[in-house]
Amino acid sequence: MKKIVFDIETRNIFQDVGSSDPADLDISIICTYDYETNTYDSFLRDDFARLWPLLEKADMFITYNGDHFDIPLLNKYYKKAGRGDLTKIRSLDILREIKNAYGRRMKLDQIAEGTFNIHKSGNGLEAVAWWRSGEVEKIRKYCLDDVRITKDVYEYALKNKKLIFVEGPFTKEIKLETKHWEPLM
């Protein structure tokens with residue numbers, strides 16, 4: 001199975017565009033991990049011609065909140081390029097899996113802290129501020145860090161059938177049913 005982990009950062013926020021539709025935002029960068037080649041990469045909008053073939057070879061996308069945010073936003077650009085519809089590619093949204101198992105959404109930082117005792121290197125609002133001040137390398141590092149964390153969370157959950165999160169002074173477990181995550185191809 002050809003799997004791609006990815007994350008997107010934007011140039012703006014919902015308040016800027018007067019909408020809560022992710023497709024109304026503008027991408028600053030997308031970062032990926034390709035299981036087939038064991039490589040991380042990053043793509044600014046000018047690099048999308050290089051990104052499309054990578055995504056098109058995927059059997060599955062792995063994201064954190066990708067079904068709600070990343071895929072609809074990226075699909076806007078994909079369709080404009082005349083390439084088709086990214087929603088046709090299988091997607092494993094780890095946040096959706098957490099919500100289905102635990103009954104509510106959780107921040108990736110909570111999962112990273114509970115499962116690996118680490119924190120994310122920034123947040124989406126900081127990434128927008130970095131974009132506006134021309135600090136593209138800060139955004140790239142932050143986005144790649146999120147892809148690494150998402151990949152690690154995916155692999156941990158697949159192996160252990162659970163994730164751990166921190167809420168206040170407490171550490172809690174989320175049991176996950178992962179047998180459907182990687183169907184036989």
Side-chain angles (χ1 to χ4, degrees), residues 2-35 40-100 104-112 120-151 153-154 180-181:
K2 295 176 184 158
K3 302 179 286 187
I4 303 291
V5 181
F6 74 87
D7 186 49
I8 291 175
E9 299 309 323
T10 64
R11 298 175 176 210
N12 46 17
I13 59 174
F14 291 124
Q15 290 173 321
D16 296 335
V17 297
S19 167
S20 60
D21 183 353
D24 291 336
L25 297 173
D26 297 305
I27 293 175
S28 62
I29 197 165
I30 175 170
C31 293
T32 62
Y33 173 77
D34 181 353
Y35 271 93
Y40 290 89
D41 206 345
S42 62
F43 305 84
L44 297 170
R45 286 193 341 202
D46 291 345
D47 302 320
F48 282 2
R50 189 171 57 85
L51 170 65
W52 302 142
L54 174 70
L55 298 179
E56 290 166 349
K57 74 175 186 172
D59 295 313
M60 182 170 73
F61 297 141
I62 300 166
T63 62
Y64 199 93
N65 197 29
D67 287 354
H68 172 74
F69 187 84
D70 301 76
I71 293 171
L73 174 52
L74 186 58
N75 207 32
K76 169 180 79 171
Y77 293 90
Y78 192 69
K79 285 181 174 182
K80 281 183 185 175
R83 304 295 286 221
D85 184 357
L86 292 174
T87 64
K88 303 294 185 204
I89 298 172
R90 178 180 173 79
S91 168
L92 177 73
D93 182 339
I94 297 169
L95 179 59
R96 181 190 64 221
E97 297 294 318
I98 289 169
K99 186 176 184 287
N100 289 345
R104 66 182 181 89
R105 296 165 55 96
M106 211 66 44
K107 291 181 179 182
L108 180 58
D109 199 45
Q110 287 176 279
I111 300 296
K120 290 179 21 136
S121 59
N123 65 56
L125 292 176
E126 288 176 314
V128 171
W130 294 329
W131 177 261
R132 291 176 178 166
S133 65
E135 298 178 90
V136 175
E137 289 311 308
K138 276 188 178 179
I139 302 167
R140 186 181 324 272
K141 180 191 178 311
Y142 163 63
C143 192
L144 283 168
D145 285 347
D146 271 9
V147 169
R148 283 183 190 94
I149 291 171
T150 301
K151 174 187 174 289
V153 164
Y154 166 74
H180 69 282
W181 285 18

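All of these numbers come straight from a predicted model, not from anything done at the bench.
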Asker: Ignoring hydrogens and angles, state whether a donor on the side chain of Tyr77 or Arg45 is under 3.5 Å from an acceptor on the partner side chain.
Answerer: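 There is such a pair (donor and acceptor under 3.5 Å, judged by atom type) between the side chains of Tyr77 and Arg45.
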Asker: Between Asn123 and Glu126 (side chain of the first, backbone of the second, donor and acceptor by atom type, cut-off under 3.5 Å), is there such a pair?
Answerer: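 Between the backbone of Glu126 and the side chain of Asn123 there is a qualifying donor-acceptor contact (under 3.5 Å).
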Asker: Would you call Ile89 and Asp59 a side-chain contact if the rule is heavy atoms closer than 4.5 Å?
Answerer: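 Not in contact.
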Asker: Please name all residues satisfying ring pair (Phe, Tyr, Trp, His ring centres under 6.0 Å) with Tyr35, sequence neighbours left out, ordered by chain then number.
Answerer: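 Once residues adjacent in sequence are excluded, the partners of Tyr35 under the ring pair (Phe, Tyr, Trp, His ring centres under 6.0 Å) criterion are Tyr33.
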Asker: With side chains defined as the heavy atoms from C-beta onward, is the minimum distance between Ile30 and Phe48 less than 4.5 Å?
Answerer: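 Side chain of Ile30 against side chain of Phe48, heavy atoms only: contact under 4.5 Å found.
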Asker: Report yes if the side chains of Thr10 and Asp26 come closer than 4.5 Å at any heavy-atom pair, otherwise no.
Answerer: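 No. Closest side-chain heavy atoms not under 4.5 Å.
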Asker: Test side-chain contact (heavy atoms from CB on, under 4.5 Å) on Asn65 and Arg105 and set out the steps.
Answerer: CA-CA 9 Å; Asn65 197 29; Arg105 296 165 55 96; 3.7 Å; yes
Asker: For the side chain to side chain donor-acceptor pair (under 3.5 Å) test, which of Lys120, Lys151, Lys141 pairs with Asp146?
Answerer: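 In the set Lys120, Lys151, Lys141, the residue that makes a side chain to side chain donor-acceptor pair (under 3.5 Å) with Asp146 is Lys120.
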Asker: Drop me the distance from Leu95's CG to Lys107's NZ, to the nearest 0.5 angstrom.
Answerer: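 Leu95 atom CG to Lys107 atom NZ measures 12.0 Å (nearest 0.5 Å).
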Asker: In sequence, state the C-alpha distance, the side-chain angles, and the governing distance for Lys76 and Asp24, and then conclude on salt bridge (charged side-chain N to carboxylate O under 4.0 Å, His left out).
Answerer: CA-CA 9 Å; Lys76 169 180 79 171; Asp24 291 336; over 6 Å; no
Asker: Run Asp16 and Arg132 through salt bridge (charged side-chain N to carboxylate O under 4.0 Å, His left out) and show every step you take.
Answerer: CA-CA 13 Å; Asp16 296 335; Arg132 291 176 178 166; 2.2 Å; yes
Asker: Determine, for Lys3 against Asp34, whether the closest basic-nitrogen to carboxylate-oxygen distance falls under 4.0 angstrom.
Answerer: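 Looking at Asp34 together with Lys3, the answer is no, because their closest N to O distance does not fall below 4.0 Å.
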Asker: Is any side-chain heavy atom of Ile94 closer than 4.5 Å to a side-chain heavy atom of Thr63?
Answerer: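 The answer is no, as the side chains (C-beta and beyond) never meet within the 4.5 Å cut-off.
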Asker: Could you walk me through whether Thr32 and Phe43 pass the side-chain contact (heavy atoms from CB on, under 4.5 Å) test, one step at a time?
Answerer: CA-CA 8 Å; Thr32 62; Phe43 305 84; 3.5 Å; yes
Asker: Can you measure from OG (Ser121) to CD1 (Ile149) and round to the nearest 0.5 angstrom?
Answerer: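 Between atom OG of Ser121 and atom CD1 of Ile149 there are 6.5 Å.
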Asker: Where do Ile8 and Ile29 land on the side-chain contact (heavy atoms from CB on, under 4.5 Å) test, with the steps shown first?
Answerer: CA-CA 6 Å; Ile8 291 175; Ile29 197 165; over 6 Å; no
Asker: If we ignore angles and hydrogens, is there a donor and acceptor under 3.5 Å between the side chains of Glu135 and Tyr142?
Answerer: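 No, no side-chain donor-acceptor pair sits under 3.5 Å.
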Asker: Can you tell if the side chain of Asn12 reaches within under 4.5 Å of the side chain of Trp131, non-hydrogen atoms only?
Answerer: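 They are not in contact (no side-chain heavy atoms under 4.5 Å apart), so the answer is no.
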Asker: How long is the span from the NE2 atom in His68 to the CG atom in Leu73, to the nearest 0.5 Å?
Answerer: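 Interatomic distance, His68 NE2 to Leu73 CG, rounded to 0.5 Å: 11.0 Å.
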Asker: Roughly how far apart are Glu9 CD and Asp70 CG, rounded to 0.5 Å?
Answerer: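 It comes to 8.5 Å.
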Asker: So how far is it from Asp145 CG to Cys31 SG, rounded to the nearest 0.5 Å?
Answerer: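 Reported to 0.5 Å precision, the distance equals 9.0 Å.
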Asker: Working note: Asp7 + Cys143, criterion side-chain contact (heavy atoms from CB on, under 4.5 Å); need CA distance, chi angles, decisive distance, verdict.
Answerer: CA-CA 6 Å; Asp7 186 49; Cys143 192; 3.8 Å; yes
Asker: So, do Phe61 and Leu86 sit near enough that their side-chain heavy atoms are less than 4.5 Å apart?
Answerer: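 Yes; the side chains approach each other to less than 4.5 Å.
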Asker: Testing Leu44, Val128, Ile139, Val136 for side-chain contact (heavy atoms from CB on, under 4.5 Å) with Ser28, which one passes?
Answerer: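 By the side-chain contact (heavy atoms from CB on, under 4.5 Å) criterion, Ser28 pairs with just one of Leu44, Val128, Ile139, Val136: Ile139.
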Asker: How many angstroms lie between OG1 in Thr87 and CG in Leu74, if you round to the nearest 0.5 Å?
Answerer: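 So the gap between those two atoms works out to 11.5 Å.
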Asker: Determine whether Trp181 and Met60 make a side-chain contact, defined as any pair of heavy atoms from C-beta on separated by less than 4.5 Å.
Answerer: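 Side-chain contact under 4.5 Å: no.
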Asker: Do Ile71 and Phe6 come within less than 4.5 Å of each other through their side chains, counting heavy atoms only?
Answerer: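 A side-chain contact exists here, since the closest heavy-atom pair is under 4.5 Å.
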